[in-house]
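Atoms within a ligand are numbered from 1 in the order they appear, just like the ligands themselves.
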Amino acid sequence: MQHPVAREMIADADWIEGDVHWRKDLAYYSTRFAGDGFVLVGDAAAFLDPFYSPGMDWIAFTATSAAELINSQRHCKPLGEQLEHHNIVFSTSYRRWLRQFTKINTNT
Ligand SMILES: Cc1cc2nc3c(=O)[nH]c(=O)nc-3n(C[C@H](O)[C@H](O)[C@H](O)COP(=O)(O)OP(=O)(O)OC[C@H]3O[C@@H](n4cnc5c(N)ncnc54)[C@H](O)[C@@H]3O)c2cc1C
């Protein structure tokens with residue numbers, strides 16, 4: 001009720017006793033994102049936060065990179081360095097995103 005928009009939205013709402021649900025510790029991320037014959041995309045790779053809503057962005061990032069790996073594989077290119085780069089980039093990105101987000105939440 002302290003937020004003007006939220007207050008307006010729920011002005012006519014009725015409180016339903018017991019209708020409050022919560023979850024915690026939803027975030028996770030894999031330690032490896034691609035390897036011999038597999039590449040993780042979307043929530044299979046990681047899940048960060050349902051409210052800040054980065055899910056679709058990460059689907060785009062992971063699917064684009066997965067397509068590049070598959071394309072290289074189909075053109076018989078050696079995948080070693082590309083796989084290593086993929087794993088480092090996604091592992092660093094998810095870790096940084098999560099760390100930054102935790103900082104923001106802690107500071108507000
Ligand atoms: C409450 C909530 C709110 C969210 N809000 C947003 C938002 O506003 N914006 C945003 O960008 N993202 C949001 N997200 C995140 C977003 O929903 C996910 O990142 C996205 O749906 C992930 O897509 P996905 O295809 O990777 O996985 P999913 O959407 O989970 O799709 C996986 C599919 O595989 C199926 N499946 C599982 N196991 C098997 C099996 N063995 N065989 C066959 N099929 C199987 C499942 O039934 C499911 O249909 C939200 C998430 C939650 C939980």
| query | Of the backbone atoms (N, CA, C, O) and the side-chain heavy atoms from C-beta on, which set of Ile59 has a member under 4.0 Å from an atom of ligand 1: side chain, backbone, both, or neither? | reply | side chain
| field | Over 12 foreign heavy atoms within 6.0 Å of CD1, Ile16 | value | no
| request: Output yes when a side-chain donor or acceptor of Asn87 lies under 3.5 Å from a complementary backbone atom of Leu83, and no otherwise. | output: yes
| said: Quick check on atom 28 (P) of ligand 1 - does any protein heavy atom sit closer than 4.0 Å to it? | reply: no
| note | protein heavy-atom neighbour closest to atom 5 (N) of ligand 1 works out as Pro50 O, 3.2 Å
| Looking at atom 2 (C) of ligand 1, would you say a protein heavy atom lies below 4.0 Å from it? | yes
| Are any non-hydrogen side-chain atoms of Ile88 and Phe33 less than 4.5 angstrom apart? | no
| message | Please tell me if atom 46 (C) of ligand 1 is touched by the protein, where touching means a protein heavy-atom distance below 4.0 Å. | response | no
| How long is the gap from CG on Leu40 to OH on Tyr29, to the nearest 0.5 Å? | 14.5 Å
| query | Hey, does Gln82 have a side-chain heavy atom less than 4.5 Å from the side chain of Glu68? | reply | yes
| request: Report the member of Ala45, Ser53, Pro54, Ala63 with the shortest heavy-atom distance to atom 9 (N) of ligand 1. | output: Ser53
| request: Please write down residue, atom name and distance for the protein heavy atom closest to atom 26 (O) of ligand 1. | output: Asp43 N, 2.8 Å
| query | Do protein heavy atoms approach atom 32 (C) of ligand 1 to less than 4.0 Å? | reply | no
| task | Using a distance threshold of 4.0 Å (strictly less than), state whether atom 37 (C) of ligand 1 has a protein heavy-atom neighbour. | result | no
| request: Please indicate, with yes or no, if any protein heavy atom is found under 4.0 Å from atom 41 (N) of ligand 1? | output: no
| query | Just which atoms of ligand 1 are under 4.0 Å from any heavy atom in Gly42? | reply | 26 (O)
| field | Thr62 vs Tyr94 side-chain heavy atoms within contact, under 4.5 Å | value | yes
| field | Residue, atom name and distance, where the atom is the protein heavy atom closest to atom 16 (C) of ligand 1 | value | Met56 CE, 3.9 Å
| Looking at atom 18 (C) of ligand 1, would you say a protein heavy atom lies below 4.0 Å from it? | yes
| Which residue holds the protein heavy atom closest to atom 15 (C) of ligand 1, what is that atom called, and what is the gap in Å? | Phe47 CE1, 3.9 Å
| task | Output yes when a protein non-hydrogen atom is found under 4.0 Å of atom 11 (O) of ligand 1, and no otherwise. | result | yes
| Under 6.0 Å between ring centres, would you say that holds for Phe47 and Trp58? | no
| said: A quick test of your reading: do over 12 heavy atoms of other residues, nucleotides or ligands sit less than 6.0 Å from CZ of Arg96? | reply: no
| Main-chain N/O of Lys77 paired to His75 side chain as donor or acceptor, under 3.5 Å | no
| query | If you measure from CG on Leu69 to CZ on Phe38, what distance do you get to the nearest 0.5 Å? | reply | 10.5 Å
